[in-house]
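To keep things clear, I will list the structure first and then write my remarks on it.
A, B, ... follow the sequence lines: proteins, then strands. Residue 1 opens every chain. Excluded from the calculations below are hydrogen atoms, water molecules and symmetry mates; all remaining heavy atoms, backbone and side chain alike, are included.
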Amino acid sequence: MKKKIIEFKMKFVLGGVFLVLLVLIARISFMQLVQTEQFRTLARNNYIRIVPIFAPRGEIFDRNGEKIVTNRPIYTVSINDLNFEGTTYRLYLNRVGADTVQMADTLSWVLAGDDETVAYFEQVSGNKVADFARENGIDDITKEKDKEKVYTIKKKFIEEAIKERAKEQKSLLEQGEKLEMAVVYNPSTAAELRRQNLAQFGVTMEKKTDTLSRLVAMLAQANILKDQSVYQKEAEVRAQIRENRVNRPYEPVMVAEDVPFNVVVALREKQMELPGVIVDVQPVREYPHGELLTHVLGYVQSIKKEQYEQHKDEGYLINDLYGQNGLEYVYEKQLRGEHGARQMEVDARGRPVRDLGLKPAVPGDDLVLTVDLDLQKATEQALAEGTARARKAGFGLSRAGAAIVMDVRTGAILAMASYPSYNPGIFTGGLSAAQWQDLQQSGALLNRAISATYAPGSTFKMVTAAAILQNHIADPTYKIADPGYYKLGQGIFKDWKPGGHGLVDLRKALEQSCDTYFYQFGRAAGVNNIARAAKEFGLGGKTGINLPGEMSGRVPTPEWKYEMVKNMLINYNGDFSRVRELDKMIDAAKDESRKQELTQERDKELEKQLKKHEWDLNWQQFETVNMAIGQGDNTYTPLQLVSYVAAIANGGTLYTPFVVERVISPQGKVIQENSPKVRHKVDVDPKNLEIIREGMHMVTLPPTGTASGVFNGFNHSAAAKTGTAEVLDAHGNKKGNHALFVSFTPYEKPEIAVVVVLEYGNSGSGYAGPIARQIMDAYYAEKDGVKKNDRQIQSLDQPAGPGTYTDPVIPDYPSVWPEANKQGKKTTMPDNEKLRYYSNQHRAITQPASQSPAKVGRVPPTPPAGQGGQQLPINKPPAEQQQPQQPTQQPPLQGNGQNQPPQTPEQPGTTELQGGARG
Amino acid sequence: MIKNMDFTLIGVTAIIIIYSLIVIGSASTDYGWWMRLGLDMNKLQEASVFQRLLWMKKEFVYKQLIWVLIGTCAAMAVVYIPYEDWRKYTKHLYVINILMLGAVLVLGHTAMGAQRWINIGPFVFQPSEFSKLIIIIVLADFLANKEGKLRNLKDLLPCFIYVGIPMILILLQPDLGTSLVFTAILFGMLFIASSRPLLVTGLFSGGLAAVIGLVWSHLRFGTWIPLHDYQLKRLIIFLDPWSDIQGAGYHVIQSQIAIGSSGLWGKGLLRGTQSFLEFLPIRHTDFIFSVLAEEFGFLGAFLLLCLFAVFLYRGVRIAAESKDLYGTLLAVGIISMFAFQILVNIGMTIAIMPVTGLPLPLFSYGGSSMMTNLAAIGALLNIYLRRQKNIF
């Protein structure tokens with residue numbers, strides 16, 4: 001070939017070679033010089049893991065700076081998704097075939113005590129363990145006493161089955177298959193055990209096993225899986241990992257909580273063998289006083305799905321905590337703090353390489369309550385003892401109650417108790433469905449002080465008294481001669497004291513809780529005046545306390561009654577069937593004019609029928625008489641009662657009750673201060689209030705005061721009023737009496753108001769009163785004894801006092817690994833730097849606490865307006881004094897009474913019936 | 001004789017090899033090994049380049065160095081025997097080659113799904129590497145003998161059969177990459193030997209189009225192809241590696257991340273997060289270019305490609321200046337081998353070529369490959385040395 005042709009062709013070869021290099025350079029320069037940032041992000045995603053640091057929630061203190069709610073650090077173990085789910089064991093087969101390995105693998109489970117595998121082998125071999133056992137001399141494999149024998153039999157059965165299978169695969173072995181790699185799906189296991197078992201069948205397992213399996217095996221050995229088996233735990237974690245892959249691929253999955261320190265150390269030592277395992281510290285709620293103040297505090301639980309959806313922009317994590325009730329709920333924003341994060345460099349197996357940075361968590365703000373811890377303790381104890389006393393005296397239904405202590409000068413709540421109670425700590429470990437159900441059924445979740453309403457009974461008489469005095473119905477000194485009953489038309493209303501109280505003026509009427517006096521002048525004052533007085537005192541409306549689930553109760557009025565009865569009639573009464581029919585037709589009608597026509601017809605029909613039932617619909621005089629002594633359709637929360645008594649005590653000021661005095665930052669800076677807020681000035685002449693107070697004071701004095709026994713030997717002055725509200729069941733039979741007691745002390749210069757409601761406590765003076773007395777004793781014991789105010793100052797001056805949550809030390813990654821140790825090098829543990837959650841940054845929170853009690857779900861349902869009304873006929877003075885007209889009214893209404901839902905004990909005041917009041 | 005040596009070629013080769021030793025050291029050093037030495041990451045961030053060079057894992061560097069020495073000896077042997085004399089033994093070489101490849105199929109050990117290696121004592125050989133050089137030597141003779149007779153398709157057919165037999169044995173291992181190198185060698189040499197280079201180019205293009213069409217029709221209509229689905233998937237995953245992030249696409253993705261994230265200057269020796277923290281697989285062999293690009297950036301990668309450019313340019317010059325067709329064919333075969341492997345290996349790391357397991361010549365860790373390549377360079381030097389017809 002000619003040289004020239006070669007040279008010519010070589011030009012093409014050179015061109016081809018350079019073209020190849022140019023293509024490569026072009027592509028590389030595009031990737032490295034243009035797409036750099038994009039690839040850098042991807043590289044960072046590879047080697048940077050962000051591990052959240054949970055902020056400790058703010059702590060809660062009582063008014064004296066004593067801790068009520070604090071935090072406890074726990075160790076948690078989680079695992080990163082390293083694609084090991086379904087990680088395969090590489091098993092080397094020495095003597096047997098691949099199928100056999102799978103069986104041997106399963107066998108290791110049998111040896112670990114798994115019955116599922118037995119079933120598998122029964123299926124594979126077509127034999128039954130039972131038959132096999134019979135051949136070996138055991139007739140019944142279910143017998144407990146042969147347990148160990150059966151275990152051996154099962155093991156043998158499976159070994160036989162495997163041998164059988166191995167024979168089938170002999171051909172494979174003859175082909176000289178000495179070494180084969182088999183990949184077996186790993187269902188779950190304790191790895192070491194499996195390795196040993198597999199070895200028996202000539203299978204050696206590659207040293208590298210599934211991290212999760214090893215981790216779970218370790219945890220199981222340390223006994224921290226609780227009642228879960230290794231299998232269950234692994235299955236659970238794997239399921240979670242699978243779920244996370246879709247939406248949260250980088251979030252580690254929690255394997256164990258509250259792991260003991262020695263296990264943490266062991267895990268850290270084996271960090272290299274356990275890639276992807278993360279040991280961390282997480283603060284959880286701790287309640288040093290157990291059940292104390294539970295209902296006010298509320299509780300904290302894992303954030304619910306809908307809460308997460310709603311608040312995910314606020315930095316909540318999927319496994320975050322969220323205040324679910326009480327103050328934890330109301331002050332969630334302030335209490336939660338701000339999560340920090342640790343940025344870690346990890347290698348391809350998820351092993352931490354070094355810390356890249358730490359953003360410390362900012363702890364939540366602390367709450368200082370108005371509650372006095374010692375008084376709260378005394379209150380809860382008195383309430384519990386009081387119910388026990390009532391039960392012991394034969395009132396077996398007495399299982400619940402509420403008591404509140406309020407500072408009458410400010411509206412601050414000093415103690416608020418609801419019985420029964422529960423320990424909020426049970427929520428921190430996670431609650432099982434059964435536990436939750438038990439808790440709900442026990443009725444302990446209900447805060448009876450604000451979320452239950454009760455008939456006030458005679459404690460309402462001060463309202464009637466105010467109505468009488470304000471409207472000049474009777475001069476306070478005007479005396480009536482009490483015959484022991486009051487006649488209204490043909491009806492007779494009896495006083496609680498047969499024979500009456502003799503000559504009675506207003507003060508004496510209060511002192512002895514004379515019904516006749518209030519029947520007479522209450523009726524004269526009229527329902528509207530009494531209702532107005534009740535509303536003046538804040539009854540029948542929410543007090544506005546910053547706690548979720550407050551109920552409003554009800555002041556009955558003619559308008560309310562008319563609407564209530566009307567609705568009931570339309571819905572249930574036979575006379576109104578045509579109205580109901582027309583309503584349906586109106587709904588069905590498409591034509592607008594037809595609709596109008598029908599509406600007109602309906603209104604006419606309705607008017608006609610309503611006229612027929614006028615007596616039912618209109619307010620009757622006997623109802624005013626009932627109302628005057630606090631029965632009928634009155635229902636109020638204990639908190640309303642205490643505000644009302646406080647207003648009487650302080651000369652007519654209704655304060656908004658509050659439980660949180662201050663919100664302070666972890667550094668001790670006051671972020672929010674709640675000062676007393678005047679809600680309303682009661683429009684009652686101070687002179688008249690003075691008269692009422694005198695009457696209430698007389699209640700406490702011997703010999704004739706209804707509560708004189710309660711205050712026997714009391715060193716201070718007080719004023720009080722007892723109340724006993726009859727409770728009827730759905731059929732109008734008497735079920736028992738709620739016992740009520742309202743009081744304030746001292747009489748001359750009132751400081752606190754105490755209200756006690758004891759469900760089925762039978763009598764206000766007998767069982768509710770002593771509880772109040774016990775509380776007052778505790779109040780004075782503390783007041784007269786040690787001055788605790790010093791402590792209060794301390795809590796403000798020393799910011800370290802509140803919020804002293806410090807993380808425990810996580811043993812750090814050893815910088816020298818055990819292998820190096822063998823070479824004689826010293827293992828050095830780097831300084832265990834304590835993670836401090838306190839940054840010097842001040843977080844300025846200026847907006848007030850969010851108040852959204854209406855959002856809380858767990859409150860008793862407000863009874864439908866009609867419900868109380870259904871009980872109208874039986875909700876009146878004792879049966880023998882029924883009005884003659886009554887029977888004619890009853891049939892339509894009684895039938896409706898059967899539609900009532902069954903009564904539940906945890907909703908006492910709201911759905912049960914309230915009956916006559918006796919002093 | 002010394003005067004006629006191609007010192008540029010020798011110099012470039014030496015620089016590439018020294019460069020490769022540094023990168024092999026870095027690529028084989030990983031975090032797990034590092035930790036066991038008692039060093040930690042913060043120290044690494046502070047250390048100077050010199051310090052880091054000392055801290056590298058030396059095991060593979062020393063091993064490779066030994067292979068370089070052995071390879072140099074082989075190259076010297078190759079240079080010593082005049083290349084014209086090789087033609088006498090081509091038949092023997094061809095048979096030895098077939099036997100060697102056959103032995104692999106019977107005795108070879110398996111790794112990563114292929115049977116490519118033979119153990120002889122402590123050493124592991126990859127006969128398909130040597131077979132590349134052998135096929136160049138024998139094919140050059142075969143073609144040189146047919147000088148001027150390669151006019152049409154019928155004339156070319158025997159050439160295909162001649163190369164086809166060892167190629168099928170390699171395909172059986174299976175080692176698609178090496179058999180593709182055979183194809184590149186064959187067409188490169190046919191281009192020179194044939195009197196109708198356009199026919200050869202057309203054949204090559206037609207073949208390539210046919211393969212692409214076959215694969216496309218398989219994907220589109222499910223027609224038959226001589227590959228298992230998983231094999232095909234591995235071959236075409238480079239088109240969309242993100243479709244299987246954790247599986248077949250993993251290597252390609254991690255390699256791209258390594259290269260792309262480095263920027264102009266690179267992350268620095270031992271500081272490549274992708275390689276040091278082991279996100280990048282098979283670092284010191286197949287994906288060594290990714291390590292180089294990650295740690296030394298665009299400049300480092302560009303430098304290597306320039307060195308290869310000089311190297312290949314010298315190869316082309318040697319082919320052009322050869323005194324006879326046999327020498328030219330030998331040189332062109334060697335250039336084709338190098339160029340194709342560079343294209344496929346680097347192309348694989350930047351997702352423009354399928355992942356076939358071809359090493360980067362003179363750069364990847366691996367004894368057989370290094371020996372073959374150095375012997376091939378020996379052959380080039382031999383041709384250059386004897387370029388003047390009447391030297392003796």
Select one option (side chain, backbone, both, neither) describing which atoms of [X] are under 4.5 Å from chain A's heavy atoms.
X: B/Q254; answer: side chain
X: B/A339; answer: both
X: B/F289; answer: side chain
X: B/S336; answer: neither
X: B/S262; answer: both
X: B/I352; answer: side chain
X: B/I335; answer: side chain
X: B/A258; answer: neither
X: B/F302; answer: side chain

### Task
Determine whether more than 12 heavy atoms belonging to other residues, nucleotides or ligands lie under 6.0 Å from atom CZ of B/F204.
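Not more than 12 within 6.0 Å, no.
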### Task
Please say whether more than 12 non-hydrogen atoms of neighbouring residues, nucleotides or ligands are located less than 6.0 Å from CH2 in B/W265.
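No, not enclosed.
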### Query
For A/E7, which residues count as a side-chain hydrogen bond (donor to acceptor under 3.5 Å, both in side chains) partner, sequence neighbours excluded?
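Expected list: B/R317.
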### Task
Check whether A/F18 gets within reach of chain B through its side chain, its backbone, both or neither, counting any heavy atom under 4.5 Å.
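Contact with chain B involves the side chain of A/F18 alone.
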#### Entry: Contact class of A/I25 relative to chain B, heavy atoms under 4.5 angstrom
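Contact with chain B is through both the backbone and side chain of A/I25.
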### Query
Among B/L305, B/L264, B/L312, which has the most heavy-atom pairs under 4.5 Å with chain A?
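Answer, by heavy-atom pair count under 4.5 Å with chain A: B/L305.
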### Query
If you count heavy-atom pairs under 4.5 Å with chain A, which of B/F340, B/Y313, B/F308, B/F191 comes out on top?
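Top count of heavy-atom pairs under 4.5 Å with chain A: B/F191.
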### Task
Using the ring of B/Y384 (Phe, Tyr or Trp, six-membered ring only), decide whether B/R387 places NZ or CZ under 6.0 Å from its centre and within 45 degrees of its axis.
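Judged by the rule (NZ or CZ under 6.0 Å from the ring centre, within 45° of its axis), B/R387 counts as positioned above B/Y384.
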### Query
Rounded to the nearest 0.5 Å, how far does CD of A/Q343 lie from CG of A/L358?
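CD of A/Q343 is found 10.0 Å from CG of A/L358.
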#### Entry: Nearest-0.5 Å distance that lies between atom CG in B/L270 and atom OH in B/Y31
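Answer for the CG-OH pair, B/L270 versus B/Y31, is 14.5 Å.
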### Task
Only pairs at least two apart or in different chains count here, so list each salt bridge (charged side-chain N to carboxylate O under 4.0 Å, His left out) that has a residue in residues 252-262 of chain B.
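Sorted pair list comes back empty.
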### Message
Under a 4.0 Å threshold between the charged nitrogen and the carboxylate oxygen, would B/E294 count as salt-bridged to B/K267?
### Response
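Yes.
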### Query
Can a salt bridge be assigned to the pair B/D30 and B/K57 using a cut-off of 4.0 Å between side-chain N and carboxylate O?
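Between B/K57 and B/D30 there is no salt bridge, as every charged N stays at least 4.0 Å from the carboxylate O atoms.
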### Task
Mind ranking A/V23, A/L14, A/V13, A/V20 by heavy-atom pairs under 4.5 Å with chain B and telling me who comes out on top?
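Looking at each option in turn, the highest pair count goes to A/L14.
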